[in-house]
J.: 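Sharing a structure below in structure tokens format, with a few things to ask.
Labels below follow one simple rule: chain letters A, B, ... track the order of the sequence lines, proteins then strands, and each chain is numbered from 1. What you see is a predicted model; the values in this text were computed from it and never measured.
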Amino acid sequence: MPELPEVEVVRRGLERWVVGRTIASVSVAHPRAIRQHVAGVEDFAGLLVGRRVEAARRRGKYLWLPLGPCDGGAPEYALLAHLGMSGQLLVQPPGTPDEKHLRVRFTFADDGLELRFVDQRTFGRLAVEPLDSAAAPAPDGVPKVIAHIARDPLEAGFDDEEFYAAVRRRRTGIKRALLDQSLISGVGNIYADEALWRAGLHYARPTETLTRTEVTRLLAAVRAVMGEALAAGGTSFDSLYVNVNGESGYFDRSLNVYGRENEPCARCGTPIRRDPFMNRSSYTCPRCQPRPRRARW
DNA sequence: AGACCAACCTGCTGGC
DNA sequence: TGCCAGCAGGTTGGTC
């Protein structure tokens, strides 16, 4: 499941149901799910079995579970997960029939609920990554392989001023910048469109023309829409986007533009418009978000 | 460096 | 009914 609010819903589920438990077994039904773990299936499982899950962390759309060493002490490794377009992390009672797209199963020493990675489109991935070492310290305890992922707008360390400066240095459209996970992480196609609508900005607005006021308004809109989505348990149009217990969020009912082509704008009544954008779609209100004369996309 | 695209997958929907 | 094109919430690696 995709964007920040949905991933945070999953993180909270892992915190509640998985943290504090010791992994007893790992079975990989589909090796593509761990393709990022280049040392292979045996190595992947070997690094996990016997370790205790110490925490559930997230940056942007990435999740990771720091793992305590078998002999105690600070975590050296983490199980890193990205859900891609259709990945799910589910907690299930042992014996529950396998899901059609079950990729990896984790069992625990307490013989309680299993953790299952289920992923229809197989864009998601799991890997065990070193969390820290003297040679390559991990800032903030973030796995080194996701060092290129910027802080997300709900993190305390996110620097609004630096984001504004980075946006102004770019030569592209604002939506491309919002989707660039090295500038700001966690924003995907739904929340980009929703935030731009709230901020009254068109997706093709050239980044170098944005004022500080507009960027401030945009960041406030991103935070507001994500916060509301989180409170609603995330956005789900179908059973692909669910929490660890398989339940859907209901924020889709609160979307103002995404997926609402030809429906009236909640602010002005103008029919919402859909444009092709990066092999996907962008939804705007033509009146609240007029296309700039000089557009970039 | 930074901008942009194709590629990676499966499944569903709508049009013919 | 069948088939095919188009579409889906993401990231990456490659080119320019």
Side-chain angles (χ1 to χ4, degrees), chain A residues 1-10 29-38 58-63 80-89 99-103 117-127 143 145-150 152 165-196 203-204 206-208 222 225-226 229-230 232-243 248-255 257-261 274-283 295-297:
Chain A
M1 14 212 258
E3 306 183 45
L4 188 153
E6 293 76 40
V7 179
E8 175 62 15
V9 166
V10 172
H30 195 314
R32 182 171 155 79
I34 65 153
R35 65 198 178 283
Q36 190 182 317
H37 192 95
V38 289
R58 181 190 57 74
R59 170 166 287 180
K61 303 168 196 171
Y62 281 88
L63 284 168
L80 179 67
H82 194 288
L83 302 174
M85 291 285 265
S86 56
Q88 304 173 330
L89 285 165
E99 294 76 5
K100 181 175 181 190
H101 301 292
L102 175 66
R103 308 305 188 194
F117 180 60
V118 175
D119 188 14
Q120 176 196 109
R121 292 177 70 183
T122 73
F123 290 168
R125 53 211 147 84
L126 306 180
V145 289
I146 60 163
H148 63 293
I149 302 297
D152 67 59
V167 164
R168 290 293 301 252
R169 283 195 296 267
R170 285 298 172 99
R171 292 293 179 269
T172 188
I174 183 57
K175 184 172 173 183
R176 280 184 183 275
L178 269 183
L179 296 177
D180 185 338
Q181 306 294 301
S182 70
L183 288 181
I184 179 172
S185 68
V187 183
N189 207 32
I190 292 182
Y191 297 109
D193 279 4
E194 293 297 313
L196 288 165
Y203 61 85
T207 46
E208 72 271 27
V222 168
V225 71
M226 284 183 168
L230 195 47
T235 298
S236 313
F237 303 117
D238 54 45
S239 60
L240 226 42
Y241 303 97
V242 294
N243 66 17
S248 294
Y250 51 87
F251 191 70
D252 61 304
R253 290 174 226 164
S254 303
L255 296 175
V257 283
Y258 188 87
R260 314 199 79 87
E261 184 178 16
R274 183 177 82 85
D275 295 323
F277 179 88
M278 294 170 77
N279 288 322
R280 289 196 179 75
S281 300
S282 274
Y283 298 89
R296 283 185 190 275
W297 67 90

J.: Tell me the interatomic distance from A/Y250, atom OH, to C/dG9, atom P, rounded to whole angstroms.
T.: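 Interatomic distance, OH of A/Y250 to P of C/dG9: 23 Å.
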J.: Give a yes or no on this: more than 12 heavy atoms of other residues, nucleotides or ligands lie within 6.0 Å of atom OH of A/Y250.
T.: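 Check fails, neighbour count at 12 or below.
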J.: What is the distance, rounded to the nearest whole Å, between atom CE of A/M85 and atom P of C/dT11?
T.: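 It is 10 Å, rounded to the nearest whole Å.
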J.: Please convert DNA chain B into dot-bracket. A pair counts if it is Watson-Crick or G-U wobble with both distances under 3.5 Å; crossing pairs go in [ ] and bases paired with another strand get |.
T.: .|||||||.|||||||
J.: Any sub-3.5 Å donor-acceptor pair from A/R35's side-chain atoms to A/R32's backbone N or O?
T.: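 Yes; judged by distance alone, with no hydrogens or angles, the pair exists.
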J.: Just call it for A/Y62: base, sugar-phosphate, or nothing, with non-hydrogen atoms closer than 4.0 Å on any strand.
T.: sugar-phosphate
J.: Using atom P of each nucleotide, how far apart are B/dC9 and C/dC3 to the nearest Å?
T.: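 Their P atoms lie roughly 24 Å apart.
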J.: Could you state the CG-P distance from A/N279 to C/dC7, rounded to the nearest angstrom?
T.: 9 Å
J.: Say you pick atom P in C/dG9 and the same atom in B/dT13; how far apart are they, in whole Å?
T.: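 Per the computed distance, 16 Å lies between those P atoms.
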J.: Got a donor-acceptor contact below 3.5 angstrom from the A/R253 side chain to the A/L255 backbone?
T.: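 No, the answer is negative, given that no donor and acceptor are paired below the 3.5 Å cut-off.
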J.: Quick one: does A/R274's side chain have a donor or acceptor within less than 3.5 Å of a partner on A/G259's backbone?
T.: no
J.: Round to the nearest Å and state the distance from A/F123 atom CZ to C/dG13 atom P.
T.: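 Rounded to whole Å, this separation is 14 Å.
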J.: Taking all non-hydrogen atoms of both residues into account, name the closest pair between A/V7 and A/L63 and its distance.
T.: CG1-CG, 3.5 Å
J.: Would you mind reading off the distance between A/M278 atom CE and C/dT11 atom P, rounded to a whole angstrom?
T.: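 From A/M278 CE to C/dT11 P: 11 Å.
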J.: Anything under 4.0 Å to a heavy atom of chain A counts; send over the first and last such nucleotide of DNA chain B, read 5' to 3'.
T.: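 Using the under 4.0 Å cut-off, the span is B/dA3 to B/dG11.
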J.: Checking all strands, does A/D119 fall into the base, sugar-phosphate, or nothing category for heavy-atom contacts under 4.0 angstrom?
T.: nothing
J.: I'd like to know if the side chain of A/D119 pairs up with that of A/S86 as donor and acceptor (distance under 3.5 Å, no hydrogens or angles considered).
T.: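 The answer is yes; a qualifying pair exists.
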J.: Side chains of A/Y191 and A/E6 only: does a donor on one sit below 3.5 Å from an acceptor on the other?
T.: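 On atom types as modelled, these side chains qualify, holding a pair under 3.5 Å.
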J.: Find the distance A/I149:CD1 to C/dT12:C1' and express it as a whole number of Å.
T.: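 Nearest whole value for this atom pair: 11 Å.
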J.: Please confirm whether the shortest side-chain N or O distance from A/H82 to OP1 or OP2 of C/dT12 is below 4.0 Å.
T.: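 For C/dT12, neither OP1 nor OP2 has a side-chain N or O of A/H82 closer than 4.0 Å.
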J.: Would you say the side chain of A/R296 lies within less than 4.5 Å of the side chain of A/T207, judging by non-hydrogen atoms?
T.: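 Contact flag for A/T207/A/R296 side chains = no.
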J.: Do A/S185 and A/Y62 have side-chain N/O donor and acceptor atoms under 3.5 Å apart?
T.: no
J.: On DNA chain C, check which nucleotide each of A/H148 and A/D238 is closest to and give me the residue with the more 5' one.
T.: A/D238
J.: How long is the line joining CG of A/L196 and P of C/dG9, in whole Å?
T.: 15 Å
J.: Look at the side chain of A/S236 and the backbone N and O of A/G249, then say whether any donor-acceptor pair between them is shorter than 3.5 Å.
T.: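 Indeed, once roles are kept as given, a pair shorter than 3.5 Å links the two residues.
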J.: What is the distance from CD of A/Q120 to C1' of C/dG9, rounded to the nearest Å?
T.: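 These atoms are roughly 13 Å apart.
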J.: Can you list, by residue number, the residues of residues 175-194 of chain A that have a non-hydrogen atom closer than 4.0 angstrom to DNA chain C?
T.: A/Q181, A/G188, A/N189, A/I190
J.: Quick check: do A/Q181 and A/K61 have side-chain heavy atoms less than 4.5 Å from each other?
T.: yes
J.: Taking the same atom, P, in C/dT11 and in B/dC12, what whole-Å distance lies between them?
T.: 24 Å
J.: How close do A/R176 and A/F277 get, counting heavy atoms only, and between which atoms?
T.: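 The answer is CG-CZ, 4.0 Å.
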